[in-house]
Protein chains: 2
Amino acid sequence: MSLRFAILGFLSVKPFSGYDLRKAMDASVQHFWPADQAQVYRTLTRLIADGLVAVQAVEGDSRQRKLHFATQAGLAELDAWLRAIAPVEETREPFLLKMFFGGRIGAADVRAQLQARRAEAHALRDTFQAIAASLPKGGDISAVLRRATLINGLRHVEAEIIWIDETLEALP
Amino acid sequence: MSLRFAILGFLSVKPFSGYDLRKAMDASVQHFWPADQAQVYRTLTRLIADGLVAVQAVEGDSRQRKLHFATQAGLAELDAWLRAIAPVEETREPFLLKMFFGGRIGAADVRAQLQARRAEAHALRDTFQAIAASLPKGGDISAVLRRATLINGLRHVEAEIIWIDETLEALP
DNA sequence: ATTTAATATAGGACTTGTCATATATGATTA
DNA sequence: TAATCATATATGACAAGTCCTATATTAAAT
């Protein structure tokens, strides 16, 4: 449901083609909003039908892409959504489900699961840290908030790593 | 997709009716696998069709419920899933999306968002802590792992609270 | 005694997202 | 020059889950 707003958010900065939109999302919000290609195009179609986005084929462009713009109505919807207090979200975590019933498969297999996850978490933490290090710390509110979304990911992988290690120790 | 395995997991412990299953899930795995009533029944139907679950109406029961059992095939599928290394999961977090584009609405509204989330996080942390305090610390591998899933939730809300506070401070 | 709440199951309509596939063009490379 | 890769858009089939509504029985409360 929020893909609408993710797209409107990007279009509030500058016009994008569907393709560029997808690339931009992959490069910035992928870790908290992975965008499926088909879904991006379908949502764009929907946004256009709702009058929140307008299209304009680029004249004289070598590529046959369609530039998408946020309309006034689109920006108004975006801002209303941004201001609405976010409801608590439910999450589904298959990994925790495995842990919950892990007693069935024995400590060795559970350890393997935890260690695999630890390796992934370490890699992700390193990635987040590298990106964070390359980003300037101050700046205007937008810069601070964009950095904050990255730090959020970092804090959560850190928490996950700590939890994995304490769980491995607690295991009999 | 994992609801299948959540259900098989519960049925590996003891037989359940659809209704009791839902209640049991709400009472134990809700924070990482919220179960929709309709979905539980539909998945049960599917599991029966696949031969992983068997039903048996309870004789002489005052209620008209159907008891569901995991079959041998069901338990085998469960164990295979438990042993398969969990792939990295993608997550979608509308709240971070709001933060990412928060620059549009100004610091005051962003603060309001963060403070609302902090209140929710504190409440959740208190709940997790209360439950964790009531749970014995040691026990067999199953007990340790079940407690661990709760601690996982706790560690992540704690991380979220820390992040909220540091973000509020970083805000101009 | 009647209403209301809890137990128990089920299905339709819908939304979001995934996966696979199709198509066409321009750019690069062998 | 032919093959292949990146750009660019689109659709069909499907899966998983949500929301709403329906139905029937039993227990509790007024």
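Remember, predicted model here, so these are calculated numbers, not experimental data. Just so we're on the same page: letters track the sequence lines, and every chain starts at 1.
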Sorted by first residue and then second, give each ring-ring contact (aromatic ring centres under 6.0 Å, His included) pair with at least one member in residues 126-171 of chain A; sequence neighbours left out.
A:His31-A:Phe128, A:His156-B:His156
So, is A:Lys23 near the phosphate of D:dT7, with a side-chain N or O under 4.0 Å from OP1 or OP2?
yes
Length of the line joining B:Phe16:CZ and C:dT7:P, which is rounded to integer Å:
15 Å
Report the residues that fulfil ring-ring contact (aromatic ring centres under 6.0 Å, His included) with B:Phe101, sequence neighbours left out, ordered by chain and then residue number.
A:Phe10
Nearest-Å distance for atom pair CD/P, residues B:Glu90 and D:dA16
16 Å
B:Arg46 has an atom CZ; how far is it from atom P of D:dA15, in whole Å?
7 Å
Nearest whole Å is fine: how far is C:dT15 P from B:Arg92 CZ?
18 Å
Judged by modelled atom types alone, do B:Glu160 and A:Asn152 share a side-chain donor-acceptor pair under 3.5 Å?
yes
How close or far is atom P of C:dT15 from atom CZ of A:Arg4, stated in whole angstroms?
11 Å
Identify the pairs formed between an N or O of the protein and an N or O of nucleotides 9-13 of chain D at a distance under 3.5 Å, and give each distance.
residue : atom : partner : partner atom : Å
D:dT9   : OP1  : A:Lys66 : N            : 2.7
D:dT9   : OP2  : A:Gly18 : N            : 3.1
D:dT9   : OP2  : A:Tyr19 : N            : 2.7
D:dT9   : OP2  : A:Tyr41 : OH           : 2.7
D:dT9   : O5'  : A:Tyr41 : OH           : 3.3
D:dA10  : OP1  : A:Lys66 : NZ           : 2.4
D:dA10  : N7   : A:Gln37 : OE1          : 3.2
D:dA10  : N6   : A:Gln37 : NE2          : 3.0
D:dG12  : O6   : A:Arg42 : NH2          : 2.3
D:dA13  : N6   : A:Arg42 : NH2          : 3.4

Among B:Leu47, B:Leu82, B:Thr71, the one residue meeting side chain to side chain contact (heavy atoms under 4.5 Å, CB included) with B:Leu8:
B:Leu47
Expressed as a whole number of angstroms, how long is the span from B:Met1:CE to D:dT18:P?
15 Å
Decide whether a cation-pi geometry holds between A:Arg65 and A:Tyr19; the criteria are a distance under 6.0 Å from NZ or CZ to the six-membered ring centre and an angle within 45° of the ring axis.
no
Taken to the nearest whole Å, CD/A:Gln39 to P/C:dA20 is 16 Å
If I take atom CG in residue B:Leu3 and atom P in nucleotide D:dA16, what distance separates them, rounded to the nearest angstrom?
10 Å
So, taking the atom named CD1 in A:Ile7 and the one named OG in A:Ser2, what distance separates them when rounded to the nearest 0.5 Å?
11.0 Å
